[in-house]
Every structure is written in C-alpha cells, then in structure tokens.
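Okay, structure first, notes after.
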2 protein chains.
Amino acid sequence: MSQQRHGSTPGEAGGVPAFPDLPEATIARLPEYLRALHHLAETGAETVSSEGLAAAAGVNSAKLRKDLSHLGSYGTRGVGYDVSLLVAQIEYILGLDENRAVCLVGVGNLGHALAGYAGFASRGFRVVALFDTDPRKVGEQINGLTVRHIDDLERIAAEESIAIGVIATPPGTAQTVADALVAAGVTSILNFAPGVLSVPSNVDVRKVDLAIELQILSFHEHRKASLTALPGGRSAAASPDKLPDNQKAVGS
Amino acid sequence: MSQQRHGSTPGEAGGVPAFPDLPEATIARLPEYLRALHHLAETGAETVSSEGLAAAAGVNSAKLRKDLSHLGSYGTRGVGYDVSLLVAQIEYILGLDENRAVCLVGVGNLGHALAGYAGFASRGFRVVALFDTDPRKVGEQINGLTVRHIDDLERIAAEESIAIGVIATPPGTAQTVADALVAAGVTSILNFAPGVLSVPSNVDVRKVDLAIELQILSFHEHRKASLTALPGGRSAAASPDKLPDNQKAVGS
DNA sequence: CGCGATTTGTGCACGCCTTCACAAGCGCCT
DNA sequence: AGGCGCTTGTGAAGGCGTGCACAAATCGCG
Ligand SMILES: NC(=O)c1ccc[n+]([C@@H]2O[C@H](COP(=O)([O-])OP(=O)(O)OC[C@H]3O[C@@H](n4cnc5c(N)ncnc54)[C@H](O)[C@@H]3O)[C@@H](O)[C@H]2O)c1
Ligand SMILES: NC(=O)c1ccc[n+]([C@@H]2O[C@H](COP(=O)([O-])OP(=O)(O)OC[C@H]3O[C@@H](n4cnc5c(N)ncnc54)[C@H](O)[C@@H]3O)[C@@H](O)[C@H]2O)c1
C-alpha cells in the first residue's frame, strides 16, 4: 500500500531486531497467531509446530512459516516454535507491550457495548476515555469511566497520550469526530460508522462495517443459490476447497 | 456490452445477465459502491463519473471502472454511470433484492446493540429471530422481537428460511453455536467471537474481531514511532501516498 | 558418533489484483 | 454534419501474496 520504505537503515546493529517492514497481509494475520498462541500457552504447551499453530489459527502452514520468517523468528528445526518466545516477539512487533491508550467517541447503542468489552484490556489496550455530545450521556458512569463531553477531547488526549480513537457515532458526524480526533493528536482511528473518512496521510484508518460483511455473505448466498439452480452446476460436492473461504486478512 | 465469461454453463441464454464470477476483491468493494451510490441518489444526482463515484467510495477510479466492467455494467462514455440503474445492478448481484432473513445468537452486551441496529433493515436484511440460552434473557422483548431459546433454532430457521446467522456469544461457545446454525440449515455466518470456526465447505464464514483491528493499528503506531525515532528516517513528508491506506477488502 | 526422523526456512512459480495508459464511444456545440 | 472534449472499458505490465517442494538444521536414539 503506502508507507514503509525505510528499506534498509543499514546503520542498525544486528543485535536488536530493528524494525522489519512486514507485508500488510502478514501483519493482518499476526493477531490471529497471537490469539492462538495464548490459547496454546493456557493448555501448557511449550512448543508448537508450524502445522499445529497454523491449524489453530486457521491458515496454511507454509503461509504461517513464511509470515514468521519475515519477522526473523526463532523456531527450531525438528522441534517447532517456543510458544512464550513467539508470543513475546509478536507482542513486541505489534507494539502491544506499550498498553496503548484508546478513547471511544459515541456512547450510544454500540458504543455502550464496546465500552464494557473486556476484550480490550485482555488484548493489550486500555480504554481511558469515553466521549459524547448528548448532555444526557455526559457524566454517566460506564464500567468505571465517566462519559466526557467531546470538547474535552483535546485536553484529555494530551494528558493520557491517546494515540488510538474509536468512532461509534452516527455516520453523519463521523467525519467531524475524525477531524477532532486528528486535531487532538490521534494517529489511528477505528471507524464503525459507514462511510469514507478523509484524514491526513499520517493517520491510519480502519473500518468495520457490519452491513458490508452481511452483503458479502449475501452475495455468496446468491451465488450458491444460482449454482444449485443451474442444470450444469455440480452440487455441493463440486467445491474443491481446503479452507472455508474467508476474508483474506484484511485487510482485510 | 459483450460480457460473458461466467466460465462454464454454456447453455445459458444471452438475455438475462446470468451469474458472473467476480473476483473476491471486487465483491468486497461492491457494498461500498452501493452505499456511495445511495448517498448520491439522495442528493439528486442522476449520473456519476467513475472519478466521482471512486472518490465517494474511497478508491482509485481505474479500480472502480474495472470492478464495474466485471459485472457488465452499463456506463455511457462521455457521461458516466446511471445512478439508479447501477444501484439496481449491484443490489441484484449482491442478492439484496431478496431481503434475506438473519438471525442473531447471543443477546448479551454486543448482541443487544446489534439487535437494535437500524442499519440491518436499511441495507437489505431482516432480523427475524434472536436466540440465547440464558433463561433471564429468553422471553425478553428487544426491538419488537422476542428472545427465543436456542433449542428453537432449528424449527424457526426452517419456518423463516434463515440463511444467515450472526454469532455474538462468548468465544467458548461459538463453535457449538456454529454447529447448531449449520444443523439448522444456515449457510452463511458472521462471527463476532474471537477464534476460528470450523464449518462444512459449503458454509461461508466471515469474522469481525475488534481486537485484531486495534492490534493492526497498534502495529502501525509502533512503526510510525520507530520511524520518527530513526535518524535516517525521513519525517512525515516522506509519505508519497494518495489514499489513506486502509484494509483492502476483504478481507476483509 | 552417526543416522534417521522431524520440522523449519525459503527459492520459485503461478495467479490475483492493482494501476497505467489509451483507443473507442458518446454527447454537445458550432 | 463535423469536430471536440469527456468518460468508459480494457490490454498490458508490474507487484504482491500464496503454496509447493525441498534443502538445511536440529534432536533423539541406538
Ligand atoms: N448498533 C449497532 O449494532 C451498530 C452496528 C454496526 C454499525 N453501527 C454504526 O455505529 C454507529 C453508532 O451506532 P449506534 O447504534 O450506537 O448509534 P446511537 O445513535 O445509539 O449512538 C450514537 C451516539 O453518538 C453520540 N454522538 C452523536 N454525535 C456525536 C458527536 N459529534 N460527538 C460525540 N458523540 C456523538 C450520540 O449522542 C449517541 O450517544 C453508527 O454509525 C452505526 O451506523 C452500529
Ligand atoms: N461487547 C463488545 O463490544 C464486543 C466487541 C467485540 C467482540 N465481542 C465478542 O462478542 C461476543 C459477545 O460479547 P458480549 O460482550 O456481548 O458478551 P456477553 O457475555 O455480554 O453476551 C454473551 C451472550 O451470549 C449468550 N450465550 C452464551 N452461550 C450461548 C449459547 N450456547 N447459545 C446462545 N447464547 C449463548 C449469553 O447468555 C449472553 O447473553 C464475545 O465473543 C466477545 O468476545 C464483543
């Protein structure tokens, strides 16, 4: 896609793993590997083979090995990967050891659910602030956090060093909120409102759109239906796949 | 306007547009085009240029044209695309004219928000049933729907011809729920629980994982930080991009 | 100490996707 | 009618990602 291209930086010493520029597709899969590894660690496993980890993460083992090789991983031939070492490696690469501060804007239906979600904390993030404009919402306590007015965004973002913002407001106000986040120094945005955000090139935006996911599924339903309706179309037995075709990475 | 190439099924007559097999990347973008088109239609526009629509959808105009060409679209050179015609085309391809029935399993924090989400209905779907196992939840009314016990899934799914199921239960029960959905005849699943689902090959699964999205953003934060810290790294001015790099498609 | 079993890391080929660049088509204006 | 400007549709090229297949490395055991 766009940025990387610090290509070499040959002045970097060989000891510390510097900063590899991984393929987008790879970094999109690392979180899945990480989750699988945590699960394995809980079961007491100390090492995993690429085959085993790949199965747990739902990918091809060759792909997994190539992904891990990109981050100069330490596996042992004949044995596999050291689980805790690999966890540490991936967490480092993803920057999860920094326990990043996240703020959430829009405490409505969806925002309320997100604010109470335990998955944030357990996966390396701290929700440190909630914002809304609705005077009935401002002041409300959710999960130990007080909902603030969005006018306080800039001040609080600076105080808490917030780098990531989540937008859960109606579509019409999403761009305004995004602008406010950017002005407050946020450089990564996760957007739940349908629509395209325009932000400076140094800001990353990822989007989650429920309806899009459903529509993609709907397409496949449509396709499946038209296949079985066709005389030439082989029935279900025709599918020669190995994996239940998902979104690739995403990247989606 | 030739448009053939739905590969096989040569017995197909030329009149009806048959069923083109679109690239995955293309179908992942169609919903975004559709949303942009609806927005344009509201503003009264009757036609759009590929440039204009591409901007509204946040993609490259060449990519948009190629995508539309795949579905044998009706554009007019020198003029652009007829908005309402294109809307109809895309809705047909995505199968949205069938107003598909969707069920939601797991009416907790997240499920409650989803059940009340208006975006389902406005984008081509009907939420026709809610399921849970918690006796305190079963019987509850949400948005005009009664929460049913999951044991009723099979019966209701058959009655309502439910083809799409949404999973919003804890991760530990997601596989069980998926199995139940499959047994009930559901062939498309949208999964919000972290983890990998295993399903028959004729069932499509898409996954939405908040934490993964955040972790990908975290990676980019990490990368950006290490760039500015590096002596050789050009500052923000170095980025030569045109679009704020997002997840691709696909991919999710 | 050597051998075989096992598993990683990767060179390579292939296919998909993206992007450029431009000819062909269309409407409008003169 | 003719020409001109605009926009689509697409051929071609390049890049990226995937998966195969295998050589290299490591361990355990005899
Ligand atoms: N509810 C869902 O399940 C769901 C699912 C997918 C996507 N979404 C999307 O997520 C967004 C939120 O959905 P919702 O159902 O929670 O809507 P909602 O109306 O319940 O909540 C929106 C909240 O945003 C607040 N808000 C409005 N403008 C604001 C501003 N400028 N700054 C700060 N806060 C502001 C409102 O006061 C309200 O509390 C919408 O864009 C929706 O399309 C929702
Ligand atoms: N809350 C969020 O914002 C959020 C965000 C991202 C992902 N998730 C994921 O979504 C899922 C749901 O999250 P939540 O916060 O709503 O959890 P929750 O505990 O609030 O809700 C889970 C619901 O599922 C029901 N349930 C449990 N087992 C069931 C079964 N076998 N059949 C039917 N229903 C069953 C429970 O009774 C409960 O009502 C989790 O997997 C979570 O990781 C949640």
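So you know, we letter chains A, B, ... as the sequences are listed, proteins then strands, and number each from 1.
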Residue-level proximity of residues 37-54 of chain A to DNA chain D when a heavy atom falls under 4.0 Å: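 Heavy-atom cutoff 4.0 Å gives no residues at all.
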Point-to-point distance, once rounded to the nearest 0.5 Å, from OG of B:S218 to CD1 of A:I27: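 Going from OG on B:S218 over to CD1 on A:I27, the span is 10.0 Å.
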Starting at OG of A:S122, measure out to OH of A:Y117 and round the result to the nearest 0.5 Å.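 Reported value, rounded in 0.5 Å steps: 6.5 Å.
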Distance check needed: [N] [atom2] versus [X] [atom1], whole Å only.
X	N	atom1	atom2	result
B:R29	C:dC17	CZ	P	8 Å
A:D21	D:dG15	CG	P	16 Å
B:Y81	C:dC26	OH	P	14 Å
B:H70	D:dG11	NE2	P	10 Å
A:L86	C:dT8	CG	P	11 Å
B:E24	C:dC16	CD	C1'	12 Å
B:L85	D:dT8	CG	C1'	15 Å
B:L30	C:dC17	CG	P	13 Å

Which atom pairs link the protein and nucleotides 1-4 of chain D when you take only N or O atoms and keep those under 3.5 Å?
none

Short side-chain N/O contact from A:N60 to OP1 or OP2 of D:dG17, under 4.0 Å: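 No, outside the criterion.
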Atom NE2 of A:H39: over 12 foreign heavy atoms under 6.0 Å: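 Result for NE2/A:H39: open.
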Greater than 12 external heavy atoms within 6.0 Å of A:E51's CD: no
Could you note down all residue pairs passing side-chain hydrogen bond (donor to acceptor under 3.5 Å, both in side chains) where residues 41-50 of chain A supplies at least one of them, sequence neighbours left out?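 Found A:S50-A:R65.
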Salt bridge (Lys or Arg N to Asp or Glu O under 4.0 Å): which pairs involve residues 66-75 of chain A, sequence neighbours left out?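 Matches after skipping sequence neighbours: A:R29-A:D67.
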Atom pairs under 3.5 Å: protein N/O with N/O of nucleotides 11-15 of chain C:
residue: C:dG11; atom: O6; partner: A:K66; partner atom: NZ; Å: 3.1
residue: C:dC12; atom: N4; partner: A:K66; partner atom: NZ; Å: 3.2

If we check side chain to side chain contact (heavy atoms under 4.5 Å, CB included) with B:I167, which of these qualifies: B:L190, B:V205, B:L181? B:L181
Please name the residue in the list A:L86, A:V87, A:L64 that meets the side chain to side chain contact (heavy atoms under 4.5 Å, CB included) test with A:Y33.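 It is A:L64; the other options fail the test.
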Quick check against the 3.5 Å criterion: does A:K207 have a side-chain atom that pairs as donor or acceptor with the backbone of A:L197?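 No, A:K207 side chain to A:L197 backbone: no donor-acceptor pair under 3.5 Å.
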In terms of side-chain heavy atoms of A:A25, which of D:dG19, D:dG17, D:dG9 is nearest?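 Closest nucleotide among those given: D:dG17.
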Could you list, one pair per line, each protein nitrogen or oxygen that sits under 3.5 Å from a nitrogen or oxygen of nucleotides 22-29 of chain D, together with the distance?
residue: D:dA24; atom: N3; partner: A:R77; partner atom: NH1; Å: 2.7
residue: D:dT26; atom: O4'; partner: A:R77; partner atom: O; Å: 3.4

If each of B:A62 and A:D67 is mapped to the nucleotide of DNA chain D with the nearest heavy atom, which maps nearer the 5' terminus, i.e. the 5' end?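 Nearest nucleotide further toward 5': that of B:A62.
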